[in-house]
Amino acid sequence: MMLSTIAAASTVSASDGVEVNHLGVNNTIVRINGDGKYLMLPVQESNDDARIVVLVDGNIDRTVNVRLAKSKVDYFVPLDLTSYNGHDVLLNVITTQNRSNIREAKDDACWKNLSLTDTFDISNREKYRPAYHHTPLYGWMNDPNGMFYKDGVWHLYYQWNPYGSKWQNMTWGHSSSTDLVNWNHHPAAIEANGLGAVFSGSSVVDTENTAGFGKNAVVALYTSADLSQIQSIAHSVDHGHTFEIYPGNPVITLESEARDPNMFWDTANNRWVLSLAHALDHEMLFFTSPDLKNWTLQSAFGKGKGAQDGVWECPDLFKLKVDGTDEEKWVLVCNINPGGPFGGSATQYFVGDFDGTTFKADTDADGNIPTKWMDYGKDHYATVSWSGAPDNRRTLIGWMSNWQYAAEVPTLQYRSANTLPREAGLFKNADGQIYMSSAPSPELVNIRDKEIVKVNNKSAGRKKRVFSLPVSNDGVCEILLDLDCRRADSVDIRIANNADESVTLRYNSSDHTLSFDRRHSGIVDFSQDFPAVTVAPTFENDKKISLRIFIDKSSMEVFGNNGKFVMTNLVFPTMPYSTLSISATGGSAKIENLKIYSIKEL
Ligand code: FRU
């Protein structure tokens, strides 16, 4: 005879207005009975994701994955209930942990810590949150994408997880700015639907109403990602704040992984052009369209070319003038992960020609296509440009992290910042090749506060010259340094704090390189891939270098020779860096100019 034991589902009240019913070892139902704008979800970073299906009046409204707390609560994330006001809300929660009985499941820290509230505190609780870089208010961020400029406003979207500080639940977070340094934060602009999560893409202002959504509608094209990756469009008639997803989606399907569509209006051929990363095939595909809805595949570029070690992601294609000439060339930006010059993710690019359907890269004297990097640091990825920037500018921004350790960096309330915005240019180098420069956007001079150090024509030899960094605002600053290194073998620029943590930038005269050593920069042990020395060619042979160094609590961006080379690296000093010292070996170096600026409170 079979005996069965049937127990009634047990009901407990988590807090006022939240009723929790455990149905089994991995299934719990949470009913919202009370009032409150947000249901606060307790998160434990190290736990596995629970799947939360949100039912409104019995219909599935959304499904989100949240690392619901098991043994301790690291932080809370809000589930916004405002649009459900007056409706029945039930969460069907499926957890994944192995459990022997339901009692264990009931003990999870999350259930007793669920609560309803009308406020969610987003004031900064992080010592490493940058002061003048873009960061999300809370939650995880990767790729900046979908950026467009319209009516004096720079719109920035980003891959955002509003339900935790690790990658998940991709939506388009949205910020905007009129000066590229002060950012306003807006509600998520595009959220997942039945076709999948919202991966990276691009937006354009459709001035001629080619898509039929209205003159000047903003049209976004992005990857809907679930089991497969397909391309979808959405449009906005309120300057990119809210988007309506196109019912005819998907607009592009392929049989293999393809993502991150990036489009522009091709004035020569009067149609839209789109680059799409054919990720695992290590190539970019080019499509054209008259109306943003119907796309025709024209060509592919990349197989066997440039760095091939990782998947190809986040393309961008644009035309620039070569400095000092009337020559125009096309740049194909191609982010790769892994396979960067110092491990993990990085941004390579190709310079060449594009005739409206096909991209052809320049070759060197031996007929090979050289690999070129946009940034020689470890923390520069998914970089793409703004569509429609004013004054013919090509303004770019990247994600200031690396997929190797982005989820492990010592922050919790938010994870990841974007780089400073940069202006792209092209220059011809002594090797005959054309390279892309990326200099700090001109708006950045407006954040300088006081000139706290100003020095001219001082020499630095074995005995180091020491200068103070600002003490205000955790030492955030900009350093301008022109060095003549002709008599020295090597010159060290050391940025240090009182805990003996430091970054050493070393100019090496013999090969004209600048290295960035962050092995002793502060907290480095959260990942074996973090301690590193990165090296950049300086693209000058006269042993003079001109640097602009931006320090912002947990990052250092070094722009050399007006953006001819850049190194972006994260650093996590336990206390702010407070000194800059310069010394040289082999002979002395001349500090032609040194200026240190503190930064205004933004
Ligand atoms: C690049 C990337 C993109 C993708 C997005 C998902 O960092 O992998 O290819 O669209 O992140 O968040």
Side-chain angles (χ1 to χ4, degrees), residues 49 64-65 136 139-147 156-174 188-192 195-203 220-234 250 252 254 256-263 274-285 302 307 309-316 332-340 343-349 374-375 378-385 396-407 409 414-419 568:
D49 275 311
V64 294
N65 295 305
W140 164 276
M141 172 175 82
N142 57 291
D143 315 8
N145 70 100
M147 296 105 72
L156 167 62
Y157 302 87
Y158 50 90
Q159 290 286 282
W160 188 38
N161 180 10
Y163 302 109
S165 298
K166 295 210 176 194
W167 186 90
Q168 255 303 356
N169 306 309
M170 283 299 109
T171 61
W172 274 26
H174 180 203
I190 311 180
E191 294 185 89
L195 291 179
V198 189
F199 275 17
S200 290
S202 58
S203 313
L221 175 54
Y222 60 91
T223 303
S224 293
D226 199 340
L227 280 183
S228 306
Q229 299 182 348
I230 51 183
Q231 317 312 317
S232 296
I233 59 174
I252 299 176
L254 293 172
S256 46
E257 240 176 73
R259 56 179 173 270
D260 313 333
N262 199 325
M263 55 186 168
L274 159 66
S275 341
L276 185 66
H278 206 196
L280 307 178
D281 294 67
H282 305 212
E283 62 180 3
M284 298 303 182
L285 305 177
D309 288 350
V311 294
W312 283 31
E313 302 182 317
C314 305
D316 200 355
L332 176 64
V333 173
C334 166
N335 290 279
I336 65 162
N337 175 48
S345 37
T347 308
Q348 72 168 323
Y349 65 92
M374 225 178 117
D375 191 293
K378 277 197 74 137
D379 299 300
H380 177 278
Y381 193 58
T383 304
V384 288
S385 65
L396 301 127
I397 195 165
W399 178 48
M400 196 158 55
S401 198
N402 190 313
W403 279 113
Q404 282 182 325
Y405 45 70
V409 298
Y414 83 100
R415 270 221 183 86
S416 297
N418 281 319
T419 65
T568 301

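Indexing begins at 1, ligand by ligand and atom by atom, following the structure's order.
Judged by distance alone, the side chain of D375 and the main-chain N or O of A346 form no donor-acceptor pair under 3.5 Å. Checked by atom type and distance alone, the side chain of D281 never pairs as donor or acceptor with a backbone atom of E283 at under 3.5 Å. Between the W140 side chain and the N169 main chain, no donor and acceptor come within less than 3.5 Å of each other. Although no hydrogens or angles enter the test, the distance criterion places no donor-acceptor pair under 3.5 Å between the side chain of N418 and the main chain of D143.
Distance from atom 10 (O) of ligand 1 to its nearest protein heavy atom, with residue and atom name: D260 OD1, 2.5 Å. With respect to atom 6 (C) of ligand 1, the closest heavy atom belonging to the protein is Q159 OE1, 3.1 Å. With respect to atom 8 (O) of ligand 1, the closest heavy atom belonging to the protein is E313 OE2, 2.8 Å. Looking only at protein heavy atoms, the nearest one to atom 7 (O) of ligand 1 is D143 OD1, 2.7 Å.
Atoms of ligand 1 found under 4.0 Å from any heavy atom of M170 (numbered from 1 in listed order, with element): 12 (O). Listed by atom number, the atoms of ligand 1 under 4.0 Å from N142 heavy atoms are 5 (C), 6 (C), 7 (O), 11 (O), 12 (O).
The salt bridge (Lys or Arg N to Asp or Glu O under 4.0 Å) search around R415 returns E45, not counting sequence neighbours.
Using a 4.0 Å cut-off between heavy atoms, W399 makes no contact with ligand 1 at all.
Distances from ligand 1 to the non-hydrogen atoms of Y381 include at least one value under 4.0 Å.
When ring centroids are compared, W160 and F199 stay outside the 6.0 Å threshold.
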